[in-house]
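Per chain, numbering begins at 1; letters A, B, ... match sequence-line order. The analysis underlying the following values was restricted to heavy atoms, covering all of them including side chains, and did not include hydrogens, waters or symmetry mates.
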Amino acid sequence: MSESVKAIMLARIRQAIAAAPEPEPVQPDFQVHDERDVATIRADFTQNLLDYKASVINTTAAELSRQIAELCLQERIQRLVLPVDVPVSWLPAHIQALRDDPPLALRDLDACDAVLTGCAVAIARTGTIILDGGERQGRRILSLVPDRHLCVVYASQIVGLVPEAIAAIQERAGHPITLISGPSATSDIELSRVEGVHGPRSLSVLIVQDR
Amino acid sequence: MPARALPMFPQAAKRALENTQLRRNMGNATSTIRQKRANVVAEVVDWEALRSAGSAIKQRVMRHLDEYLLQLEAAVQRAGGQVHWANDAAEANRIITDIVRATGVERVVKVKSMATDEIQLNEALARHGIQAIETDLAELIIQLAHEKSSHILVPAIHKNRSEIRDLFRSTIARGQELSDNPKELAAAARHYLREQFFTAQVAISGANFGIAETGSICVVESEGNGRMCLTLPQTLITVMGIEKILPSFEDLAVFLQLLPRSSTGERMNPYTSIWSGVTPGDGPQTFHLVLLDNGRTNVLADEVGRQTLHCIRCSACLNVCPVYARTGGHAYGSVYPGPIGAILTPQLLGIEQAKSLPYASTLCGACYEVCPVKINIPEVLLYLRGKITEKASALNPEKVVMRQLAHIFASPRRYAQAQQLARTGQSFFIHGQVIDRLPGPLAAWTVARDLAPIPKQSFHDWWKQRQSEQVQEPGAGSASMSSTINQQEDQ
């Protein structure tokens with residue numbers, strides 16, 4: 001039956017567009033490459049993260065684990081969830097770290113204070129980090145259920161514009177991809193903005209200078 | 001099933017305008033979002049190029065919709081998803097109900113979706129004993145209040161915080177202390193919904209984009225309720241209008257810039273989820289995509305109306321519309337309100353069912369200016385008005401008047417005679433300086449506006465009189481000047 005519905009729909013579509021003219025080709029004359037210098041792009045990334053109520057910490061590879069430890073202390077994070085492949089070198093001492101291996105049950109995940117992930121690419125113009133399930137990012141649920149999200153972004157992962165980021169993840173299109181811009185938020189009640197609805201209530205981005 | 005005719009806009013708008021609270025809320029909401037949008041759009045130097053690209057991509061989608069749908073279907077199937085085709089609301093609802101019943105659950109969680117509102121899925125599920133829980137905060141509010149959405153983006157904008165507090169106290173937060181602080185209200189909703197997310201086995205979503213090339217479905221949101229629904233349950237059902245297709249993954253580069261800035265006035269919305277079929281070990285392990293026609297191919301067949309299908313449901317046109325900003329969404333009586341609703345609804349349902357909607361506009365053109373995919377809404381509005389007039393009976397008062405006017409305007413003599421007649425006749429209707437009430441069917445014109453009376457002397461008459469005066473006194477100022485000019489031309 002479904003096959004015949006499909007045939008009917010396709011026939012109707014073909015009939016509807018039979019006389020339609022072939023449209024002009026798409027002019028890709030919008031910006032696909034950010035001409036700004038690297039320092040400006042990174043400053044823009046930080047500014048846009050702050051604008052959307054994420055917190056930003058600039059650090060180096062050597063300082064990273066100390067910064068994470070400090071953040072955990074400040075935010076009173078005791079149970080920290082990690083994707084399987086987050087490097088040991090990121091890990092702060094004195095923190096109970098739970099690797100998602102074997103996969104954590106939902107309720108266990110819910111009982112954690114925070115998650116620590118890397119990312120695939122980040123967009124300066126919009127203050128966005130993108131997770132594509134690749135290295136150091138884990139399952140989607142990890143960056144969703146815990147109350148806080150700590151995300152490590154290497155400076156070399158920051159691109160200027162949305163088209164650059166889409167091009168960067170194009171090959172990963174078959175995997176689950178999440179674009180994150182600030183903590184979850186709603187403006188549904190009298191347009192008054194409330195941060196932290198269902199996704200993490202806070203997003204802390206650690207930018208590691210790697211070049 | 002023939003669609004039921006919608007209530008007439010003028011009457012519904014009148015009722016809406018009498019509600020001062022509603023007008024205040026709408027005024028605030030539309031002007032705030034309008035300003036936010038203007039600010040973030042101004043940041044983008046290539047905004048016009050992006051709009052043109054968005055429009056061109058959508059034109060290509062429509063021209064090759066059959067190919068793209070087949071491509072999408074194949075890609076989704078390759079990725080482990082199942083694809084269903086639905087001619088209309090009843091078919092879509094039956095497909096979805098069957099899938100849910102096969103899982104044996106009696107409760108599903110839902111991501112905000114206009115397509116499922118359009119097909120009245122919640123009601124259809126309820127008839128089979130399945131409860132659909134809306135998880136977007138605003139959708140939850142209007143679901144609990146048994147009301148309808150008043151804005152595409154912020155559906156509960158007509159309700160204020162104390163109303164929402166009272167509503168929550170009598171429903172999801174029974175017996176709890178609750179203030180009217182939005183933060184506390186959002187927390188109450190989070191608490192209630194978290195348990196729903198954690199226990200739900202089936203989720204239903206709409207789709208912002210479906211990528212033909214990769215079979216990727218894209219959902220754009222703010223609260224994280226979308227991510228919860230798209231990630232936690234075992235079964236995911238997505239309902240997508242057939243026009244939501246984009247040819248390739250790289251097209252997201254255009255639309256993920258156009259949509260958030262036009263919609264919420266943000267550089268990017270907090271969360272965007274993109275997935276293809278199922279991914280072992282991550283998210284739902286069963287995925288169904290329902291491709292919905294429900295009148296769309298009729299729109300597609302119309303040369304002028306076709307562009308309506310380019311819409312990405314950003315709601316920018318609502319916020320700039322002087323009519324919508326005053327009446328709010330309920331007056332439109334349709335799932336899709338505002339300027340886009342005024343052109344989409346009559347085309348989806350059939351023009352007879354919503355023939356007052358193309359008139360719910362001043363034709364100011366602000367909607368066209370902000371549309372991220374350049375839908376020429378005023379053009380389609382006028383076109384639909386033309387269709388309505390064509391269909392109207394020959395005895396329709398407007399048609400009768402227009403026919404008579406055409407006859408009169410066709411001859412200078414008849415025109416002058418009619419003017420003379422009207423000049424004499426109008427004295428009964430002039431009050432102060434204006435005509436404020438015309439008789440008979442003409443009264444419809446003066447219900448909402450005054451008419452300037454025909455002046456005592458027309459320009460034509462004045463000119464004639466002036467000429468004859470000049471002949472009598474050849475030396476007079478301006479006449480001598482014109483004779484000078486004539487002399488120069490003669491040389």
Side-chain angles (χ1 to χ4, degrees), chain A residues 2 5-6 8-10 12-17 20 22-32 48 52 103 106-107 110 123 125-128 133 139-141 144 162-163 166-167 170 173-192 194 197-200, chain B residues 29 32 46 49-50 52-53 56-57 59-60 62-63 65-66 79 84-87 91 137-138 154 156 160-161 164 182-183 185-186 190 193 198 214 216 222-225 227-228 231-232 249-250 252-254 256-257 267-276 279 281-283 293 297 300-301:
Chain A
S2 171
V5 172
K6 175 178 162 183
I8 292 168
M9 275 171 68
L10 285 172
R12 255 207 319 270
I13 290 167
R14 284 172 186 143
Q15 199 186 350
I17 57 177
E22 193 58 37
E24 297 286 309
V26 179
Q27 295 294 332
D29 51 6
F30 52 89
Q31 269 187 288
V32 292
N48 287 329
Y52 286 135
L106 176 58
R107 299 283 171 181
D110 192 31
I123 312 170
R125 183 55 80 69
T126 56
T128 302
R139 302 183 289 153
R140 282 177 288 176
I141 195 172
L144 175 62
V162 175
I166 295 297
Q170 170 105 37
H175 299 263
I177 294 168
T178 311
L179 283 71
I180 299 172
S181 311
S184 66
T186 185
S187 301
D188 278 348
I189 300 170
E190 296 183 8
L191 291 186
S192 147
V194 177
V197 194
H198 305 298
Chain B
T32 305
D46 54 346
L50 287 167
S52 299
I57 292 168
Q59 279 178 45
R60 201 174 63 192
M62 298 314 150
R63 182 63 190 82
L65 190 57
D66 54 335
H84 310 263
W85 301 67
N87 269 310
E91 275 180 21
L137 180 52
V154 276
N160 59 32
R161 60 181 74 190
I164 296 167
K183 210 176 167 85
L185 295 171
R190 172 187 162 109
L193 287 173
F198 281 15
T214 57
S216 309
S222 296
E223 295 173 7
N225 64 307
R227 291 183 69 194
M228 287 282 180
T231 313
L232 299 187
F249 194 79
E250 65 176 10
L252 284 174
V254 173
L256 288 183
Q257 294 192 76
R267 297 186 186 99
M268 191 66 93
N269 50 291
Y271 296 133
T272 298
S273 295
I274 305 168
W275 74 95
S276 311
T279 307
D282 188 349
D293 182 336
T297 45
L300 186 66

Trainee: Is the shortest heavy-atom distance from the side chain of A:Leu10 to the side chain of B:Trp85 under 4.5 Å?
Mentor: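 SC-SC contact between A:Leu10 and B:Trp85 confirmed.
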Trainee: Using non-hydrogen atoms and a 4.5 Å limit, figure out which bit of B:Ile164 sits close to chain A: side chain, backbone, both or neither.
Mentor: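 Side chain of B:Ile164 only, per the 4.5 Å heavy-atom cut-off to chain A.
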Trainee: For A:Glu22, is it the side chain, the backbone, both or neither that has a heavy atom under 4.5 Å from a heavy atom of chain B?
Mentor: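 Answer is both: backbone and side chain atoms of A:Glu22 are under 4.5 Å from chain B.
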Trainee: Identify which part of A:Arg125 has an atom lying under 4.5 Å from any heavy atom of chain B, answering side chain, backbone, both or neither.
Mentor: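 Both parts, heavy atoms under 4.5 Å.
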Trainee: Compare every heavy atom of A:Gly199 with every heavy atom of B:Tyr271, then report the nearest pair and how far apart it is.
Mentor: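 That would be OH-CA, 3.6 Å.
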Trainee: Looking at B:Glu223, B:Arg60, B:Gln59, B:Arg161, which has the largest count of heavy-atom pairs under 4.5 Å with chain A?
Mentor: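 Looking at each of B:Glu223, B:Arg60, B:Gln59, B:Arg161 in turn, B:Glu223 comes out on top.
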Trainee: State, with a plain yes or no, whether a side-chain heavy atom of B:Gln257 is found less than 4.5 Å away from one of A:Pro163.
Mentor: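 Yes. Closest side-chain heavy atoms under 4.5 Å.
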Trainee: For the CG atom of B:Leu50 and the CD atom of A:Gln31, what is their distance to the nearest 0.5 Å?
Mentor: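 The CG atom of B:Leu50 sits 8.5 Å away from the CD atom of A:Gln31.
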Trainee: Taking the side chain as every heavy atom from C-beta outward, state whether B:Asn225 and A:Val197 have any atom pair closer than 4.5 Å.
Mentor: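 The answer is no, as the side chains (C-beta and beyond) never meet within the 4.5 Å cut-off.
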Trainee: Check whether any side-chain heavy atom of B:Asn269 sits under 4.5 Å from a side-chain heavy atom of A:Leu179, and report yes or no.
Mentor: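 No, their side chains stay 4.5 Å or more apart.
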Trainee: Which region of B:Ala53, side chain (C-beta onward) or backbone (N, CA, C, O), has a non-hydrogen atom less than 4.5 Å from a non-hydrogen atom of chain A, or is it both or neither?
Mentor: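 For B:Ala53, backbone and side chain are both near chain A.
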Trainee: In Å and rounded to the nearest 0.5 Å, what is the CD1 to CG distance from A:Ile177 to B:Leu252?
Mentor: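 Answer for the CD1-CG pair, A:Ile177 versus B:Leu252, is 8.5 Å.
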Trainee: I'd like to check A:Ile180 versus B:Arg227 (side-chain heavy atoms, cut-off strictly below 4.5 Å). Are they in contact?
Mentor: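 Yes, side chains in contact.
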Trainee: Measuring from atom OG of B:Ser216 to atom NE2 of A:His175, what distance do you get when rounded to the nearest 0.5 angstrom?
Mentor: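 So the OG of B:Ser216 and the NE2 of A:His175 are separated by 10.5 Å.
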Trainee: Does some side-chain heavy atom of B:Asn160 sit less than 4.5 Å from a side-chain heavy atom of A:Glu190?
Mentor: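 In contact.
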Trainee: On a heavy-atom basis, which atom in B:Phe249 and which in A:Ile166 lie closest, and how many Å separate them?
Mentor: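 That would be O-CG2, 3.7 Å.
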Trainee: So for A:Pro183, is it side chain, backbone, both, or neither that comes closer than 4.5 Å to the heavy atoms of chain B?
Mentor: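 For A:Pro183, the contact with chain B is made by the backbone alone.
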Trainee: To the nearest 0.5 angstrom, please state how far the CG atom of B:Leu185 sits from the CG atom of A:Asp188.
Mentor: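 Going from the CG atom of B:Leu185 to the CG atom of A:Asp188 covers 11.5 Å.
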Trainee: Given that the side chain runs from C-beta out, which part of B:Ser52 has a heavy atom under 4.5 Å from chain A: side chain, backbone, both or neither?
Mentor: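 Neither part.
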Trainee: How long is the straight-line distance from CD1 of A:Ile13 back to CG of B:Leu65, given to the nearest 0.5 Å?
Mentor: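 Those atoms lie 4.5 Å apart.
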Trainee: Would a 4.5 Å heavy-atom cut-off, applied to side chains only, mark A:Tyr52 and B:Arg267 as touching?
Mentor: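 Side chain of A:Tyr52 against side chain of B:Arg267, heavy atoms only: contact under 4.5 Å found.
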Trainee: Go through the atoms of A:Thr178 and report whether side chain, backbone, both or neither lie under 4.5 Å from a heavy atom of chain B.
Mentor: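 Answer is both: backbone and side chain atoms of A:Thr178 are under 4.5 Å from chain B.
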Trainee: Taking A:Arg140 first and then B:Asp282, would you say they form a salt bridge - that is, a charged N and a carboxylate O separated by under 4.0 Å?
Mentor: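 Yes, charged N to carboxylate O under 4.0 Å.
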Trainee: Quick one: of A:Ser181, A:Ser187, A:Ser192, who has the most non-hydrogen atom pairs under 4.5 Å with chain B?
Mentor: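 Going by pairs under 4.5 Å, I would pick A:Ser181.
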Trainee: Only one of A:Thr186, A:Val194, A:Leu191 passes side-chain contact (heavy atoms from CB on, under 4.5 Å) with B:Pro182; say which it is.
Mentor: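 Per the side-chain contact (heavy atoms from CB on, under 4.5 Å) rule, the option paired with B:Pro182 is A:Val194, out of A:Thr186, A:Val194, A:Leu191.
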Trainee: Looking at side-chain heavy atoms only, is the closest gap between A:Ile17 and B:Asp66 below 4.5 Å?
Mentor: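 Side chain of A:Ile17 against side chain of B:Asp66, heavy atoms only: contact under 4.5 Å found.
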Trainee: Quick check against the 3.5 Å criterion: does B:Ser276 have a side-chain atom that pairs as donor or acceptor with the backbone of A:Ala173?
Mentor: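 The answer is yes, because a donor-acceptor pair under 3.5 Å joins these two groups.
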Trainee: So which of B:Ile274, B:Leu232, B:Thr279 has the largest heavy-atom pair count under 4.5 angstrom toward chain A?
Mentor: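 When all of B:Ile274, B:Leu232, B:Thr279 are compared, B:Ile274 has the most.
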Trainee: What residue in A:Arg12, A:Arg14, A:Arg139, A:Glu24 has the most heavy-atom pairs under 4.5 Å with chain B?
Mentor: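 Most pairs with chain B among the choices: A:Arg12.
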Trainee: Around atom CD of B:Glu250, are there more than 12 heavy atoms from other residues, nucleotides or ligands closer than 6.0 Å?
Mentor: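 Incorrect, the count does not exceed 12.
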Trainee: How far apart are the closest heavy atoms of A:Met9 and B:Thr297, and which atoms are they?
Mentor: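 It is O-CG2, 4.4 Å.
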Trainee: Could you measure the distance from the OG atom of A:Ser184 to the CE atom of B:Met228? Nearest 0.5 Å is fine.
Mentor: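 Reported to 0.5 Å precision, the distance equals 8.5 Å.
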Trainee: So which residue, B:Asp293, B:Ile57, B:Val154, B:Thr214, ends up with the most heavy-atom pairs under 4.5 Å with chain A?
Mentor: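 Heavy-atom pair counts peak at B:Asp293.
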Trainee: If you tally heavy-atom pairs under 4.5 Å against chain B, which of A:Val32, A:Leu144, A:Asp29 wins?
Mentor: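 Of the options given, most contacts go to A:Leu144.
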